[in-house]
S.K.: 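So that we are looking at the same thing, I have put the structure below in structure tokens.
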Amino acid sequence: MEKLVIIPTYNEKDNIRKIIDAVFSLQQDFHILIVDDGSPDGTGNIVKSIQKEHPQELFLAERSGKQGLGTAYIHGFKWALEKGYNYIFEMDADFSHNPADLIRLYDACAKDGGDVAVGSRYVKGGKTENWPWDRAVLSRGASVYVRFVTWIHVKDATAGFVCYKRQVLEAINLDAIRFVGYAFQIEMKFTAWKLGFLIKEVPITFKDRKEGYSKMSKGIIKEGVLGVLKIQWESLFRKYERRVRNSE
Ligand SMILES: Nc1nc2c(ncn2[C@@H]2O[C@H](COP(=O)(O)OP(=O)(O)OP(=O)(O)O)[C@@H](O)[C@H]2O)c(=O)[nH]1
Ligand SMILES: [Mg+2]
């Protein structure tokens with residue numbers, strides 16, 4: 001019970017089997033938790049059928065209705081802590097993140113001393129592939145904007161391909177994380193950084209999804225733009241303290 005990959009899904013029927021197989025075919029042992037928000041396309045049922053092949057290492061949390069990526073991850077984090085996992089990963093279902101890079105993220109934490117490892121498009125060696133120019137500009141712009149406002153030492157703060165050491169998720173008050181989209185990713189990294197954890201960026205190649213459709217929306221972008229200002233503003237009045245386990 002070492003490593004858990006949390007994959008949130010909403011209508012990923014064309015990707016789900018392939019992504020699960022890709023993770024289980026890695027040289028190292030990873031368990032998977034799929035957090036599915038009642039996908040109308042039947043993603044959850046596909047997972048249930050695959051569970052028969054992997055009863056010990058594939059798990060499914062089903063929630064009713066689309067509740068957003070952030071709350072799906074919080075649900076997964078709490079589950080992972082309860083089950084005793086030591087390295088907890090975030091990854092998309094759509095192959096934008098290469099499952100083989102899970103091992104590089106793991107090494108950045110387990111061998112190179114990181115508390116958090118971020119699969120980064122914006123450090124040397126990182127890149128994006130097949131993205132339309134407007135998405136590329138938006139994402140780059142977001143990365144500059146976040147650093148300008150928050151001064152966080154992470155070049156790809158909106159990244160959704162991350163390894164958290166258990167201690168980091170234990171120290172963060174997960175109930176206080178409010179955002180659901182890109183702002184969620186920023187808020188998690190910002191909080192970890194403010195709590196004094198070491199964040200390492202691992203260069204990755206991010207590929208645009210081939211199957212299925214994007215769930216990004218104007219609302220998510222707006223949340224990101226305003227959320228960053230809110231996160232920074234509130235941090236001026238807040239004392240960041242690591243939560244002590246079992247103290248509540
Ligand atoms: N459980 C859950 N998963 C979600 C929700 N919204 C998106 N996801 C999943 O989160 C991952 C990322 O969502 P994407 O739609 O790929 O968002 P994105 O990567 O910003 O957009 P693209 O780059 O255009 O694909 C995918 O695995 C989605 O299926 C949600 O509300 N609930
Ligand atoms: Mg995607």
Side-chain angles (χ1 to χ4, degrees), residues 1-26 29-85 87-102 105 119 158-164 166 169 172 174-175 177-185 187-188 206-217 219-220 223-224:
M1 295 261 281
E2 258 265 296
K3 306 187 268 275
L4 178 76
V5 185
I6 304 171
I7 306 178
T9 55
Y10 190 77
N11 285 350
E12 298 287 358
K13 71 173 168 52
D14 297 322
N15 289 310
I16 191 68
R17 165 159 295 267
K18 282 184 265 180
I19 197 84
I20 290 170
D21 286 348
V23 173
F24 286 146
S25 68
L26 295 173
D29 283 340
F30 290 88
H31 288 187
I32 301 176
L33 172 69
I34 305 288
V35 184
D36 185 67
D37 279 2
S39 296
D41 75 351
T43 301
N45 289 335
I46 301 174
V47 175
K48 279 182 202 154
S49 70
I50 305 172
Q51 273 184 312
K52 295 186 186 119
E53 299 158 38
H54 303 277
Q56 306 299 330
E57 53 270 347
L58 176 59
F59 305 94
L60 171 65
E62 284 183 295
R63 307 193 307 163
S64 56
K66 192 171 185 310
Q67 297 175 47
L69 183 96
T71 64
Y73 273 126
I74 297 293
H75 184 96
F77 292 157
K78 288 181 175 173
W79 189 91
L81 291 178
E82 199 177 298
K83 301 286 175 195
Y85 289 96
Y87 296 87
I88 297 136
F89 299 76
E90 295 183 1
M91 190 174 82
D92 289 355
D94 61 2
F95 282 96
S96 289
H97 306 139
N98 179 356
D101 289 333
L102 286 167
L105 293 181
T158 60
F161 196 19
V162 186
C163 172
Y164 288 99
R166 154 180 203 94
L169 297 181
I172 293 176
L174 296 172
D175 292 323
I177 301 288
R178 298 151 300 167
F179 296 110
V180 295
Y182 293 116
F184 163 78
Q185 299 296 1
E187 189 179 20
M188 283 296 297
F206 179 102
K207 295 200 171 112
D208 195 16
R209 64 156 73 234
K210 286 201 198 78
E211 313 277 356
Y213 68 95
S214 172
K215 284 105 205 167
M216 205 183 62
S217 65
I220 293 285
E223 182 201 64

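Quick note: residue numbers are just sequence positions, from 1. Just so it is clear, the structure is predicted and the values come from calculations on it, not from any experiment.
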S.K.: Side chains of Val23 and Met91: does their closest heavy-atom pair fall under 4.5 Å?
M.R.: yes
S.K.: Rounded to the nearest 0.5 Å, what separates atom NE2 in His75 from atom CD1 in Ile6?
M.R.: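 If I round to the nearest 0.5 Å, the distance is 9.5 Å.
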S.K.: Could you state the interatomic distance from CG (Asp175) to CD1 (Ile172), rounded to the nearest 0.5 Å?
M.R.: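 It comes to 12.0 Å.
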S.K.: If the plane angle is over 60° it's perpendicular, under 30° parallel, otherwise tilted; pick one for Phe89 and Phe30.
M.R.: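 Phe89 and Phe30: perpendicular rings.
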S.K.: For the residue pair Ala93 and Pro8, what are the closest heavy atoms and their distance?
M.R.: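 Between these two residues, the closest heavy atoms are CB-O, 4.3 Å.
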S.K.: Would you check if Thr71 and Arg63 make a side-chain contact, meaning some heavy-atom pair closer than 4.5 Å?
M.R.: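 Side chain of Thr71 against side chain of Arg63, heavy atoms only: contact under 4.5 Å found.
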S.K.: Please state whether the rings of Tyr73 and Phe184 are parallel, tilted or perpendicular, taking 30° and 60° as the class boundaries.
M.R.: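 Parallel, since the angle between the ring planes stays under 30°.
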S.K.: Give me the atom names and distance for the closest heavy-atom approach of Ile88 to Ala80.
M.R.: CG1-CB, 3.8 Å
S.K.: Using atom types as modelled and distance alone, determine if a side-chain donor or acceptor of Lys210 lies under 3.5 Å from a backbone N or O of Asp208.
M.R.: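 Side chain of Lys210 to backbone of Asp208: no pair is present.
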S.K.: Would you compute the distance between atom NZ of Lys13 and atom CD1 of Ile46 and round it to the nearest 0.5 angstrom?
M.R.: 7.5 Å
S.K.: Does Lys66 count as lying over the ring of Tyr10, i.e. NZ or CZ under 6.0 Å from the six-ring centre, within 45 degrees of the axis?
M.R.: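 Cation-pi check for Lys66 and Tyr10: passes.
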S.K.: Using modelled atom types only, decide if a donor and an acceptor are shared between the side chain of Ser214 and the backbone of Met216 within a distance under 3.5 Å.
M.R.: yes
S.K.: Starting at CD of Glu90, measure out to CG of Leu105 and round the result to the nearest 0.5 Å.
M.R.: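 It comes to 10.5 Å.
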S.K.: Are the side chains of Leu81 and Arg166 in contact, using a 4.5 Å heavy-atom criterion?
M.R.: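 When only atoms from C-beta onward are counted, Leu81 and Arg166 do touch, with a gap below 4.5 Å.
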S.K.: Under a 4.0 Å N-O cut-off, is there an ion pair linking Lys207 with Asp92?
M.R.: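 Looking at Lys207 and Asp92, the cut-off is not met.
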S.K.: Would you name the heavy atoms of Leu33 and Ala61 that are closest together and state the gap between them?
M.R.: CD1-N, 3.9 Å
S.K.: Check whether any side-chain heavy atom of Lys83 lies under 4.5 Å from a side-chain heavy atom of His31, and answer yes or no.
M.R.: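 Side chain of Lys83 against side chain of His31, heavy atoms only: no contact under 4.5 Å found.
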S.K.: Minimum heavy-atom separation for Glu223 and Val180, please, with both atom names.
M.R.: OE2-N, 2.9 Å
S.K.: Does Phe161 have any ring pair (Phe, Tyr, Trp, His ring centres under 6.0 Å) partners at least two apart in sequence or in another chain, and if so, which?
M.R.: His97
S.K.: Between Asp14 (side chain) and Gly212 (backbone), is there a donor-acceptor pair under 3.5 Å?
M.R.: no
S.K.: Under a 4.5 Å cut-off applied to non-hydrogen side-chain atoms, are Gln185 and Leu69 in contact?
M.R.: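 Side-chain contact under 4.5 Å: yes.
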S.K.: Search all heavy atoms of Glu187 against all heavy atoms of Arg178 and return the closest pair with its distance.
M.R.: OE1-N, 3.0 Å
S.K.: Nearest 0.5 Å, please: how far is CG in Leu4 from CZ in Phe77?
M.R.: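 If we round to the nearest 0.5 Å, Phe77:CZ and Leu4:CG are 10.0 Å apart.
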S.K.: So which heavy atom on Val47 is nearest to which on Leu58, and how close?
M.R.: O-CD2, 4.0 Å
S.K.: Taking Thr43 as the fixed residue, which of Ile16, Leu60, Asp37 is the one that meets the side-chain contact (heavy atoms from CB on, under 4.5 Å) rule?
M.R.: Ile16
S.K.: Looking at CG of Asp94 and CG of Asn15, how far apart are the two atoms once the value is rounded to the nearest 0.5 Å?
M.R.: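 Going from CG on Asp94 over to CG on Asn15, the span is 6.0 Å.
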S.K.: Between Glu211 and Lys18, is a side chain to side chain contact (heavy atoms under 4.5 Å, CB included) present by the stated rule, with each step listed?
M.R.: CA-CA 11 Å; Glu211 313 277 356; Lys18 282 184 265 180; 3.6 Å; yes
